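All residue numbers in this chain count up from 1 along the given sequence. It should be emphasised that the depicted structure is a prediction, and the values quoted were computed from it without experimental measurement.
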Amino acid sequence: MSIMGTRVVRIEDPVFLSRGATYTDDLTDERLTGALHLTLVRSPIAHARITNIDTSAASESPGVVAVITNADLDITPAVLFAMAPKTMARPFLAADKVRFVGEPVAAVLTEEAYQGQDAADLVEVDYDPLPAVVDMNTALDGDVLLFEEAGSNLAGALQDAEFDEHLFDDCEVVVTQEMVNQRLAAAPLEGRAAAAAWGDDGRVTLWCSTQNAQAARDEIAGWLGIDPAQIHLIAPDVGGGFGAKIGADPEFALVTWLAKRLDRPVKWTETRSENMTGMVQGRGQLQTVTIGGNRDGDVLAYRIDVIADAGAYPRLGMFLPFFTRQMAPGVYDIPKVESRARMVVTTTTSTGAYRGAGRPEATAAVERAMDLFAAEIGMDPAEVRKRNVVAPDKFPFTNKGGVVYDSGEYAKAIDTVLEASGYAGLRAEQAARRERGDVVQLGIGVSAYVEITGGGAFSEDASVEVHGDGSVTVLTGTSPHGQGHATAWAMLASEHLGVPIEKITVKHGDTDLIPRGAGTMGSRSLQTGGVAVYNASSELAELARTRAADLLEASVDDLVVADGAVTVKGTDKGVTLGELAQREQLRVDTVFDSGAASFPFGAHVAVVELDVESGKAVVDRIFTVDDAGPVLNPLLAEGQRHGGIAQGIAQALLEEVVWDADGNPLTATFADYAFPSAAEMPSFSLIEMETPTPLNPIGAKGIGEAGTIGATPAVQSAVIDAVAHLGVRHIDMPTSPLRVWEAINTATGGQS
């Protein structure tokens, strides 16, 4: 019986629930004996010139070993993303200017961690304030420049050609809406952390919290101007990432440099407030969408114009509008599509990936546009969607963003979720409440989505080895931080080798042990890293049969691998894999390359209860179809769906990073940044649907980000739908009680 598709309980959990995880801050490695503790002096001002830094008092503080400023550094500012302008590089410690609240200005090294903040408070920095630039349109105007030498605040632009002024000429109905896809904080339970120790061999061991050890190693080496081979990077247990821990942070390189400079190990762990102001944040787009079509419900043209906030120093966030443009049409077969994206720098924290990374922004825009179009022509929003989706016989389908969708059943997904939700009954109940004028109204939101998984990282390394005692070690280039890879990869190896998963150890996140790997992001792991393990295990089984053939004096075709042994069919004659490994190393190294991304898809229906007197909306129910192909382990897949849906609901209702006009963060703690706990979540109705991809032998697509892509527009749509009969046309996310209340009062003139 195959283990694939079964609900195998996570083998990772007993350690986490008993001994506990070992995060970077928990390390007791002997190489870190006597480590100094780094505390960063961070700017309290968003934009200012630095006129003087006085470290004398701090240097005399108890336990202080050194206070380092930019003047002490011999490393050049880092270009944090390859496509970023070189004029917008970030110094490891601010030099003549600070550009966001929280930018590191000085480094304080102390014998004990508790001594650091007291000493840091004694560093006196004189600032000459400059105007803050928080608004994206203001940044685009360029009246105040963050980098004078750049000549503008434009970090980059993406557009194939100028907009066609005749794009909507054939349309009976044209609707335009400006909308905000707000900034979000990743808020992982473990913030950023790093520890570094140089050895006598001229190499450094660097531990850090990252989603991809190999890429982080290479980034840090590039920033420091050293050979990547000099860095042995280890990712211990990682307490959440959500995209914000892709690669390295400049602080990791600074820790490495300081350890070399002071000839002592150095450790750094940020506080929660540092995390909320220093770690890359997600989303941050100002979108203008225009949609046009005829009154029969056919959408003929669509345009999206994006201004994206890169923050003070351009990082991966400046690239993510590329995905927004690629996925602009979503699941729809729209004849004419145009898109543009301009990325600007602002005096705020830099942006990076956040669960979905560019694709949720595209889906939120086109789904909101579909709702606006449906309202304008008086058609049910679900019907408009079904009328315009890509037909199943058109796959593989090249969308107007230039990407090839591998497989899909979009209309079926919509029909399936509508049936599961009892959509017709919900609409009837909604009509009754509206007729009665109930205080609590019902809102119903529908969304359909398709997303890219594994985009730009198609290949992955894996090694599988059987040891003399019959146990198995799997080495993988993926880097889990909650996804359950130890369980999933053990299942894939067990499928071919027949070894119980309890005897299979999965290792990852060590660049000496696994020098090549792409890590975990973009929902790529199973379809690349998992398939690599699956293929390596299959190859290993074949190798075992070949070697056993001579030993058993049998034809290879007569041998089977099962229960950790090679046996002759129909007999009890055989040899264990452990015995074969005792005779000669039994190992296979392989690389799997899918050659292209896969495109999972789905549809969601959200049901909200909304109090029109207070504006408060509560998600009562949510129904989801998330089709990621065949499911390896339903327990893990459901967990990924639950997490994504929860974060999607959170963006629609609650979460938003906010600054005041002077660039001061107003959401720098969990007391100010609202996100839900499990207690605020509804029960999720997960409906099964599986459409395999032809790109890999198990047919799997990614599942990790589906919920954030589908749930967000469904919930936003449901909130607006609950008050649409009062004349409300649009409410930006988060649809907080205040925003809903204001929208109602604006629409009704205070007569609701």
Undergrad: May I ask you to establish whether Arg303 and Phe163 are in a cation-pi arrangement, using a distance under 6.0 Å from NZ or CZ to the six-membered ring centre and at most 45° from the ring axis?
TA: yes
Undergrad: If you take all heavy atoms of Ala637 and Val631, which pair is closest and at what distance?
TA: CB-CG1, 3.7 Å
Undergrad: Is there a donor-acceptor pair closer than 3.5 Å between any side-chain N or O of Thr351 and the backbone N or O of Gly311?
TA: no
Undergrad: Which residues satisfy the ring pair (Phe, Tyr, Trp, His ring centres under 6.0 Å) test with Phe670, sequence neighbours excluded?
TA: Phe675
Undergrad: With respect to Arg342, which candidate in Asp141, Asp305, Asp309 satisfies the salt bridge (Lys or Arg N to Asp or Glu O under 4.0 Å) definition?
TA: Asp305
Undergrad: Is there side-chain contact between Pro360 and Thr712, with heavy atoms separated by less than 4.5 Å?
TA: no
Undergrad: Are any non-hydrogen side-chain atoms of Asp371 and Gln716 less than 4.5 angstrom apart?
TA: no
Undergrad: Using a strict 4.0 Å threshold on nitrogen-to-oxygen distance, state whether Asp415 and Lys386 make a salt bridge.
TA: yes
Undergrad: Who passes side chain to side chain contact (heavy atoms under 4.5 Å, CB included) against Gln177, sequence neighbours left out?
TA: Met179, Val289, Leu372, Arg729, His730
Undergrad: May I have the step-by-step check of side-chain contact (heavy atoms from CB on, under 4.5 Å) for Phe601 and Glu409, ending in yes or no?
TA: CA-CA 8 Å; Phe601 63 92; Glu409 289 267 9; 4.1 Å; yes
Undergrad: Between Gly704 and Ser523, what is the shortest heavy-atom contact and its length?
TA: N-OG, 3.4 Å
Undergrad: Does Glu383 come within less than 4.0 Å of Arg387, counting only side-chain N to carboxylate O?
TA: no
Undergrad: If every non-hydrogen atom of Ala722 is compared with every non-hydrogen atom of Gln441, which pair is closest and at what distance?
TA: O-CB, 3.6 Å
Undergrad: Please check: side-chain N/O of Arg433 versus main-chain N/O of Val440, any donor-acceptor pairing under 3.5 Å?
TA: yes
Undergrad: From Ile731 CD1 over to Ser717 OG, what is the distance, rounded to the nearest 0.5 angstrom?
TA: 11.0 Å
Undergrad: Quick one: list whatever passes ring pair (Phe, Tyr, Trp, His ring centres under 6.0 Å) with Phe395, sequence neighbours left out.
TA: Tyr410
Undergrad: Looking at Arg385 and Asp380, is any side-chain nitrogen of the basic one under 4.0 Å from a carboxylate oxygen of the acidic one?
TA: no
Undergrad: Using side-chain contact (heavy atoms from CB on, under 4.5 Å), reason through Phe599 and Thr693 one step at a time and then give a plain yes or no.
TA: CA-CA 8 Å; Phe599 292 84; Thr693 177; over 6 Å; no
Undergrad: Verify, without hydrogens or angle tests, whether Glu367 (side chain) and Ala448 (backbone) share a donor-acceptor contact under 3.5 angstrom.
TA: yes
Undergrad: What is the minimum heavy-atom distance between Tyr405 and Asn399, and which atoms define it?
TA: OH-ND2, 2.9 Å
Undergrad: Please tabulate, for side-chain N and O atoms in residues 645-655, each donor-acceptor pair with protein atoms closer than 3.5 Å (sequence neighbours left out).
TA:
unit_1	atom_1	unit_2	atom_2	d
Gln647	OE1	Arg355	NH1	2.7
Gln647	NE2	Tyr354	OH	3.0
Gln651	OE1	Arg283	NE	3.3
Gln651	NE2	Asn181	OD1	2.9
Gln651	NE2	Gln182	OE1	3.3
Glu655	OE1	Tyr673	OH	2.4

Undergrad: Could you go through Val723 and Val612, starting from their C-alpha distance and side-chain angles, then the distance that decides it, and tell me whether this counts as side-chain contact (heavy atoms from CB on, under 4.5 Å)?
TA: CA-CA 8 Å; Val723 293; Val612 297; 4.3 Å; yes
Undergrad: If only atom types and distance count, is the side chain of Asn294 paired as donor or acceptor with the main-chain N or O of Asp296 below 3.5 Å?
TA: yes
Undergrad: I'd like to know if Lys336 and Asp164 make a salt bridge, using a cut-off of under 4.0 Å between side-chain N and carboxylate O.
TA: no
Undergrad: Taking side chain as C-beta onward, heavy atoms only, is Ile698 less than 4.5 Å from Leu526?
TA: yes
Undergrad: I'd like to know whether Gln640 forms a side chain to side chain donor-acceptor pair (under 3.5 Å) with His642, so could you lay out the CA-CA distance, the side-chain angles of the two residues, the decisive distance to 0.1 Å, and finally the verdict.
TA: CA-CA 5 Å; Gln640 288 293 306; His642 284 175; over 6 Å; no
Undergrad: Kindly give the heavy-atom pair with the smallest separation between Pro634 and Arg7, and that separation in Å.
TA: CB-NH1, 3.4 Å
Undergrad: Under 6.0 Å from the CD atom of Glu419, do we count more than 12 heavy atoms belonging to anything else shown?
TA: no
Undergrad: Can you tell me if NZ on Lys616 sees more than 12 non-hydrogen neighbours from other groups inside 6.0 Å?
TA: no
Undergrad: Quick one: do Arg427 and Gln430 satisfy side chain to side chain donor-acceptor pair (under 3.5 Å)? Show the steps, please.
TA: CA-CA 5 Å; Arg427 286 295 181 197; Gln430 180 185 63; 3.0 Å; yes
Undergrad: Rounded to the nearest 0.5 Å, what separates atom CE in Met370 from atom CZ in Arg368?
TA: 12.5 Å
Undergrad: Any side-chain heavy-atom pair from Val439 and Asp611 closer than 4.5 angstrom?
TA: yes
Undergrad: Go through the steps for Thr324 and Gln285 under the test side chain to side chain donor-acceptor pair (under 3.5 Å), then give the verdict.
TA: CA-CA 10 Å; Thr324 305; Gln285 290 189 4; 3.1 Å; yes
Undergrad: Got Lys245 and Pro188 here, is their nearest side-chain heavy-atom distance under 4.5 Å?
TA: yes
Undergrad: Is there side-chain contact between Gln527 and Leu695, with heavy atoms separated by less than 4.5 Å?
TA: no
Undergrad: In Å and rounded to the nearest 0.5 Å, what is the CG to CD distance from Leu686 to Glu638?
TA: 6.0 Å
Undergrad: Which atom pair, heavy atoms only, marks the closest approach of Val306 to Gln287?
TA: CG2-CG, 4.3 Å
Undergrad: Using a 4.5 Å cut-off on heavy atoms from C-beta on, say whether the side chain of Arg621 contacts that of Val605.
TA: no
Undergrad: Got a donor-acceptor contact below 3.5 angstrom from the Arg340 side chain to the Ile307 backbone?
TA: no
Undergrad: Would the distance check show the side chain of Glu429 and the main-chain N or O of Leu426 forming a donor-acceptor pair, the cut-off being under 3.5 Å?
TA: no
Undergrad: Mind checking what makes ring pair (Phe, Tyr, Trp, His ring centres under 6.0 Å) contact with Tyr423, not counting sequence neighbours?
TA: none
Undergrad: Can Tyr449 and Asp626 be said to form a side-chain contact (heavy atoms from CB on, under 4.5 Å), step by step?
TA: CA-CA 9 Å; Tyr449 73 91; Asp626 300 301; 2.6 Å; yes
Undergrad: Find out whether Gln281 and Thr348 are in side-chain contact, i.e. whether some heavy atom of one side chain is under 4.5 Å from a heavy atom of the other.
TA: no
Undergrad: Could you work out, with ring pair (Phe, Tyr, Trp, His ring centres under 6.0 Å) as the rule, every residue matching Phe397, not counting sequence neighbours?
TA: none
Undergrad: Going by an N to O cut-off under 4.0 Å, is there a salt bridge joining Lys701 and Asp627?
TA: no
Undergrad: Side chains of Thr691 and Ser407: is there a donor and an acceptor less than 3.5 Å apart?
TA: no
